[in-house]
Each structure stands twice: as C-alpha cells, then as structure tokens.
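Just the heavy atoms: all of them, side chains too, but no hydrogens, waters or symmetry mates, feed the values below.
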Amino acid sequence: MSDLHDEVLRWYAAAARDLPWRRADATPWGVYVSEIMLQQTPVSRVEPVWHDWMHRWPTPADLAAESPGEAVRAWDRLGYPRRALRLHAAAVAITEQHNGVVPESFDQLLVLPGVGTYTAAAVSAFAFGIRVPVVDTNIRRVHARLVGGVAQAAASLTAAERDLAAELLPEDPSEAATWNVAVMELGALVCTARAPRCGACPVADRCAWQLAGAPAYDGPARRGQKWAGTDRQVRGRLLRTIREADGPVERPALDVVWHDQTQRERALSSLVEDGLVEPLPGDRFALPR
DNA sequence: CAGACGTGGTA
DNA sequence: TTACCAAGTCT
C-alpha cells in the first residue's frame, strides 16, 4: 500500500461519519436507496427519509408492491421527485428480473432506471465490495486539487479524470472499496468546495494545489441554476399540493399556486407526462396509482 | 452536450 | 438578499 493510500485510509478509519447506509448491517437495497436519495441532496436531509423507507420497504419487493404514487409521497421534499418514480421502477425491475436481489455488477446496475455511471459504480463498490472506480463530485474535487493542482474540477467529467480514478484505485479489492468511500468522505468533510480545511487534511503535504499556493479557480464563471419563475418552481408547488393532500385535488386548489395560467398548465402537463401526476375524471389530479 | 430537473441550508 | 452548494441522470 502506498503512502497516499495509507494516509487517506488511516484518516478515514478515524474520521468517517457513522452513516446508517455504511454500517455493517446495511443491506444492498439500503445502499441502493441511499445512493439515489443522495443524488444532489445533502446527507442531513436524506437520513430521516431513508430510515422511513427502510422501515416501510425493507426489500425491493416491498416497494414494488406499492403504487408509484406512494413512493412519490414518501419521497417528501427531497427534491427531484422523478427519482422516487425511478426508484420504484427499479424496485419492480429488480423484483421481476433479478428475483428481488439487487444485482452486483456495474453493467447490470447501469441499466436500472435512475442509475448512471456514478450510482452503478457506487452500489457495486459500497454494497458488494467490487473493485470499481467511483467518481463523484467530491472525488473529482479531491483529485483536481491533490493531483491536478487546481481549485475545481472541470465543468464536466473527462476521460482523463476517469483514467486517474482508475490509476489511483488500490489493487486489493477490499482496500479499493474503502478507498472510494474514503476519498469521497475526504471531499465531503475536509476538501470541501467552499472553505477547505487543509489543516485537517491527511495529504496536504503532498497536495499539488497546496504546493502551488492554493491558487483560486481562474476558469470561466459557472452559470448558476435559475429558480425563481421557472417551470421547476411551478412544478414543485403543484406537486407539493397534490402530495400533501389526502385524496385527489380539485382544479381550483392548483390554480392558486401560480398566477400565470399558461405556465401553470405547461407545468401540470409536464408532471402528467412524467408520470408524477395522474389526471382523473372530474378535472381532478392525484399521485399515480 | 448544454439544459432541465427540487429543495433548503449557508455565507 | 442573491448566489452557491449538496454522493447525478436523462435527453
């Protein structure tokens, strides 16, 4: 084991958070659910919802037996609710095509709805200990600083970044699995985007970015996501109203959430199109059955 | 490949 | 208060 691996793994053993989906008693399904929920969503908001889901649907078959609408309701306010729909669809696929057992391989995971390259690698590595490089935003940032000597990773994932992640992965499978989660944790706790705690970093002495004097990011400004006035905001309001209602919602209850009728109708139609909302007779709307 | 897609905490 | 940020995926 190289010094780099040794330092990071030692740090992880001492500093890792005690997250429920990382505990020894976490099931592959629990890991899977956590990875979907954690997409673009902070740990603190995921934790309570994850516990609810694990209690209610401890296996893929349990979720598959429910209606997709119940998954959307239980998703609560985690955001990007299509993830709930895809998680439900994945539970159905796992139940029908894999005998209810979460598949282990990257390729089998990748074809499940809502699973991209990051999640396929993460589930394969974290739930099954398979030696596969995981590349998420934390790991990309750590690599950009530690090896690249720059403050931020590129705007989009490059082939060079994939190659680097593969090169840095320890040979030993068990060590490799821990390495992935350790680098991710380092990025989440120490090598953070805004105010990195380099004084607490186990590899600051060999960090290319530190050695270069921690230069500020000098590339083009990244466009922030718009929110106010967008269809996303309207969709959020509409779905929240429907999600929090006991039964089907009448049209007037939706009319009041947004003033612009054209945009309101467009947003509602897109929710129906996505399968997040089901139109019912009598101009009523509900979560999908 | 750039843009769409939620939500809420923090500086 | 505006703007950025949080374990991405899909088209």
Side-chain angles (χ1 to χ4, degrees), chain A residues 16-17 19-22 26 30-50 72 75-87 89-90 109-127 132-143 151-159 161 165 177 180-189 191-196 217 220-244 257 263 266-267 270-271 273-277:
Chain A
R17 290 168 291 182
L19 300 173
W21 43 84
R22 286 208 202 113
V31 174
Y32 187 105
V33 171
S34 79
E35 291 300 338
I36 301 297
M37 289 183 171
L38 286 163
Q39 292 170 1
Q40 303 286 284
T41 309
V43 165
S44 60
R45 299 213 340 259
V46 165
E47 242 182 312
V49 181
W50 183 86
V72 174
W75 195 252
D76 197 41
R77 286 172 295 173
L78 286 183
Y80 293 146
R82 288 187 293 191
R83 290 183 292 166
L85 228 40
R86 292 174 180 146
L87 191 42
L109 288 160
L110 190 58
V111 300
L112 294 172
V115 175
T117 56
Y118 161 73
T119 303
V123 172
S124 196
F126 303 154
V132 54
V134 175
V135 185
D136 81 318
T137 188
N138 288 303
I139 291 174
R140 294 184 63 215
R141 187 173 54 250
V142 172
H143 288 175
Q152 294 184 29
S156 57
L157 182 59
T158 66
E161 289 182 84
N180 281 318
V181 71
V183 177
M184 197 176 312
E185 190 77 339
L186 186 64
L189 298 182
C191 195
T192 56
R194 218 170 266 182
Y217 173 70
R222 291 179 167 176
R223 298 177 310 286
Q225 288 191 339
K226 294 277 188 264
W227 170 247
T230 62
D231 285 7
R232 276 197 301 161
Q233 183 181 21
V234 185
R235 282 168 56 106
R237 289 192 184 187
L238 290 169
L239 188 59
R240 178 170 187 166
T241 299
I242 295 167
R243 192 179 58 225
E244 293 179 350
V257 309
Q263 189 176 22
R266 184 172 66 232
S270 74
L271 286 170
E273 184 72 20
D274 286 348
L276 284 164
V277 171

In whole Å, what separates the [atom1] atom of [N] from that of [M]?
N	M	atom1	answer
dT11(C)	dC1(B)	C1'	10 Å
dA7(C)	dA11(B)	P	15 Å
dA6(C)	dG6(B)	C1'	12 Å
dT1(C)	dG8(B)	C1'	15 Å

Rounded distance (Å) that lies between atom [atom2] of [N] and atom [atom1] of [X]:
X	N	atom1	atom2	answer
L85(A)	dG6(B)	CG	P	11 Å
K226(A)	dA4(B)	NZ	C1'	14 Å
L239(A)	dC5(B)	CG	P	13 Å
R235(A)	dG6(B)	CZ	P	4 Å
W227(A)	dG3(B)	CH2	P	18 Å

Flag, side chain of N180(A) to backbone of V132(A), donor-acceptor distance under 3.5 Å: yes
message: Can you build the contact string for nucleotides 5-11 of chain C? Use B for base contact, S for sugar-phosphate-only contact, and - for no protein heavy atom under 4.0 Å.
response: SBBBSS-
Which heavy atom in [X] sits nearest to a heavy atom in [Y], and how many Å separate them?
X	Y	answer
V142(A)	C191(A)	CG2-CB, 3.9 Å
Y32(A)	A90(A)	OH-CB, 3.2 Å
Y80(A)	W75(A)	O-NE1, 3.9 Å
R235(A)	S270(A)	NH1-OG, 2.8 Å

query: Do Q225(A) and R232(A) meet the criterion of a side-chain donor-acceptor pair at a distance under 3.5 Å?
result: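 R232(A) and Q225(A) do have a side-chain donor-acceptor pair below 3.5 Å.
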- line: Judged by nearest nucleotide, the residue sitting upstream toward the 5' end of DNA chain B, R232(A) or S44(A), is R232(A)
message: Let me spell it out: for each of S156(A) and R243(A), pick the nucleotide of DNA chain B with the closest heavy atom. Which residue's pick is nearer the 5' end?
response: S156(A)
message: Whether R83(A) contacts dC5(B) is assessed here as follows: a side-chain N or O lying under 4.0 Å from the phosphate OP1 or OP2. Is that the case?
response: no
message: Applying a 4.0 Å non-hydrogen cut-off, can you work out what L78(A) is touching in the nucleic acid: base, sugar-phosphate, or nothing?
response: base
field: Ion pair E47(A)/R17(A), N-O distance below 4.0 Å
entry: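 Here E47(A) does not pair with R17(A) in a salt bridge, since their nearest N and O are not under 4.0 Å apart.
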